[in-house]
Amino acid sequence: MLVLAWRNIWRQRSRSLAAVMAVLFVVWLGLVYFGLVGAARDGFYVSLTEAVGQVQVHAPNYRDVRDFRDSLIPGAARVGQRITSALPDTTVAAALDVPVLLSGEDRARGVLLTGLDQPAALRERFAAAYLAAGRLPATDDLDGIALGSGLARTLQVRLGDTVYAYAPGTEGTGASAYTVVGMLHFPDAARDAGTGVLSLRAVQNLAAPGAVTRFELHVPQVRRAADDAVLIQLRDRLRDALGESVIVETWREVFPSLSRIEQVMRPVVLVFVGLFFVLAGLLVVNTVYLSVIERTREFGVVIALGARRGRVMRMVMAESLVLCGTGAVLGLTLGTLTLARLSRGFSYPGLEGVMRQVGLPAVMYASIDPVEIIVILAFALVTGVVAALMPARVAGRLEPIEAMRFVA
């Protein structure tokens, strides 16, 4: 039956070729579309987790605390050692966020000072992503501060100027003067206008000796959103090691809104790909239906010779499936070659600034899950079946005598 279907669809080569090319294009487009969205999803994932870690450790109920001291994890050095012992293959960074009043010579503003203790690799990535001028405060620097560029403009300070921080009601010195050694630029305007970065020791001396507000764990082997299942295992191991004195969460639990954005990408792509297949299916319907009309007398003879109507309908269905199957195979081949090239890295020239604004790296790598390939091929199969339903019904309901008298 497939051989007969193959012969019949090429009676009108141009029409059949147009249908095959339509399915080919949609399959290719669907694969590339999934690959590009996968690249964006993984790029977004890498940018986010490089900034905040894949797993974070906080004080219990840190989201609801009203007193700064309730957000602290005391004995940070001891907790950090327990984290390293439980998960030796992870990279651990510590941070302490303190709300302060920061002033220059003439202006003051309430801001969030962040003390960072990062390993060298994370420190270099942070500088590459956000440092606009000067340098970051060194790990043992108690006097240097890097300001968001928006905050520096508000306070009217430049590199080398002195700023004053006031943190009343805290457990440290409560007040200190710092020298501006660096300028940062954050894509988020609110963060850019309200953030200062110091060494962890400097902020601890100011407000909370020996404490941090969070630990950030970076897992080098997890670089794709699809690998997040590993983080659940690591989170559970760390919870067992640290007990109930702290709360351990994956990045999805810390930032549920960002997680939802990442998760909605695939359903949106499915909707668009489905619409493309609907358009391709209309062309296949047209091709198969016209083929049935042109062969009405032939179907009449076949039915008159004893062929069952179900067999005639299967003949039409086979033609539609051959059309869609041929296009799907060719589209899969072309799409695989395209994705193989894009998986080696690609960029959008001239849009690097826009990419940083939306949290994407300048260079991305296409990726596609096997299930997405199966979905594309399933769409092609369903298109072939649905496109043949109406023409097959027309062929199956033909009356032999009337069909043999039919003149196209």
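Everything quoted here is computed from the prediction, not taken from an experiment.
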**OP:** Would you please test Tyr62 and Glu249 for side-chain hydrogen bond (donor to acceptor under 3.5 Å, both in side chains) and show each step?
**Re:** CA-CA 12 Å; Tyr62 70 97; Glu249 297 178 324; 2.7 Å; yes
Original post:
For Tyr33, what residues pass the ring-ring contact (aromatic ring centres under 6.0 Å, His included) criterion, not counting sequence neighbours?
Top reply: none
**OP:** I would like to know whether Ile232 and Asp236 meet side chain to side chain contact (heavy atoms under 4.5 Å, CB included); could you show each step before the answer?
**Re:** CA-CA 6 Å; Ile232 304 299; Asp236 294 343; 3.9 Å; yes
Original post:
Which heavy atom in Leu24 sits nearest to a heavy atom in Leu330, and how many Å separate them?
Top reply: CD1-CB, 3.3 Å
**OP:** Could you grab the distance from atom CG of Leu151 to atom CZ of Arg107, nearest 0.5 Å is fine?
**Re:** 11.5 Å
Original post:
Within the distance-only criterion (no hydrogens, no angle test), does the side chain of Thr213 pair as donor or acceptor with the backbone N or O of Ser71 below 3.5 angstrom?
Top reply: no
Subject >> Partner set under salt bridge (charged side-chain N to carboxylate O under 4.0 Å, His left out) for Asp89, not counting sequence neighbours >> reply: none
Subject >> Criterion side chain to side chain contact (heavy atoms under 4.5 Å, CB included) on Ile373 and Leu332, from CA distance to verdict >> reply: CA-CA 8 Å; Ile373 298 177; Leu332 178 62; 3.9 Å; yes
Subject >> Where Val212 and Ala95 come nearest, the two heavy atoms and their spacing >> reply: CB-O, 3.3 Å
**OP:** Without swapping roles, check the side chain of Asp67 against the backbone of Arg69 for a donor-acceptor pair under 3.5 Å.
**Re:** yes
**OP:** Check whether any side-chain N or O of Asp161 sits under 3.5 Å from a backbone N or O of Arg158 as a donor-acceptor pair, and report yes or no.
**Re:** yes
Original post:
Could you give the distance from CG (Leu116) to CZ (Arg123), rounded to the nearest 0.5 Å?
Top reply: 8.5 Å
Subject >> Student check: side-chain heavy atoms of Leu136 and Leu184 closer than 4.5 Å >> reply: yes
Original post:
Distance from Leu334 atom CG to Leu29 atom CG, nearest 0.5 Å?
Top reply: 11.0 Å
Original post:
Quick one: side-chain contact (heavy atoms from CB on, under 4.5 Å) partners of Asp192, sequence neighbours excluded?
Top reply: Ser149, Arg153, His185, Phe186
**OP:** Taking the side chain as every heavy atom from C-beta outward, state whether Trp251 and Gln56 have any atom pair closer than 4.5 Å.
**Re:** no
**OP:** Please name the pair of heavy atoms, one in His218 and one in Gln54, separated by the smallest distance, quoted to 0.1 Å.
**Re:** CA-OE1, 3.3 Å
Original post:
Under 4.5 Å between any side-chain heavy atoms of Leu198 and Leu113, yes or no?
Top reply: yes
**OP:** Report yes or no: does Arg237 contribute a side-chain atom to a donor-acceptor pair with the main-chain N or O of Leu87 at less than 3.5 Å?
**Re:** no
**OP:** State, yes or no, whether a side-chain contact exists between Val98 and Leu112 at a heavy-atom distance under 4.5 Å.
**Re:** no
Subject >> Closest non-hydrogen atom pair, Pro60 against Glu244 >> reply: CG-O, 4.0 Å
Original post:
Is there side-chain contact between Leu155 and Leu102, with heavy atoms separated by less than 4.5 Å?
Top reply: yes
Subject >> Heavy-atom check, side chain of Leu342 versus side chain of Leu36, under 4.5 Å >> reply: yes
Original post:
So which heavy atom on Gln204 is nearest to which on Gly210, and how close?
Top reply: NE2-C, 3.8 Å
Subject >> Sequence neighbours excluded - side-chain hydrogen bond (donor to acceptor under 3.5 Å, both in side chains) pairs with any residue from residues 165-184 >> reply: none
Subject >> Test item: Arg41 and Val37 side chains (from C-beta on) under 4.5 Å apart, heavy atoms >> reply: yes
Subject >> Spacing of CG belonging to Leu238 relative to CZ belonging to Arg235, to within rounding of 0.5 Å >> reply: 10.5 Å
Original post:
Among all residues two or more places apart in sequence or in another chain, which pass the salt bridge (charged side-chain N to carboxylate O under 4.0 Å, His left out) test with Asp228?
Top reply: Arg252
**OP:** Evaluate the side chain to side chain contact (heavy atoms under 4.5 Å, CB included) criterion for residues Arg82 and Val57: first the C-alpha distance (whole Å), next the side-chain angles of each, then the deciding distance (0.1 Å), finally the verdict.
**Re:** CA-CA 12 Å; Arg82 292 168 65 186; Val57 179; over 6 Å; no
**OP:** Given side chain to side chain contact (heavy atoms under 4.5 Å, CB included), test Met364 with Asp42 step by step and report yes or no.
**Re:** CA-CA 8 Å; Met364 297 191 295; Asp42 291 342; over 6 Å; no
Original post:
Considering residues, nucleotides and ligands other than Phe255, do more than 12 of their heavy atoms fall under 6.0 Å from its CZ?
Top reply: yes
Original post:
How would you list, by chain and number, every residue that makes a salt bridge (charged side-chain N to carboxylate O under 4.0 Å, His left out) with Arg125, sequence neighbours excluded?
Top reply: Glu50
Original post:
How far does CD1 of Ile83 sit from CZ of Phe215, to the nearest 0.5 angstrom?
Top reply: 5.0 Å
**OP:** Write down the atom of Leu101, the atom of Gly110, and the distance for their closest heavy-atom approach.
**Re:** CD1-N, 4.0 Å
Original post:
Would you say the side-chain atoms of Glu253 pair up with the backbone N or O of Thr250, donor to acceptor, closer than 3.5 Å?
Top reply: yes
Original post:
Would you call Val222 and Leu234 a side-chain contact if the rule is heavy atoms closer than 4.5 Å?
Top reply: no
Original post:
Rounded to the nearest 0.5 Å, how far apart are CZ of Arg201 and CG of Asp140?
Top reply: 6.5 Å
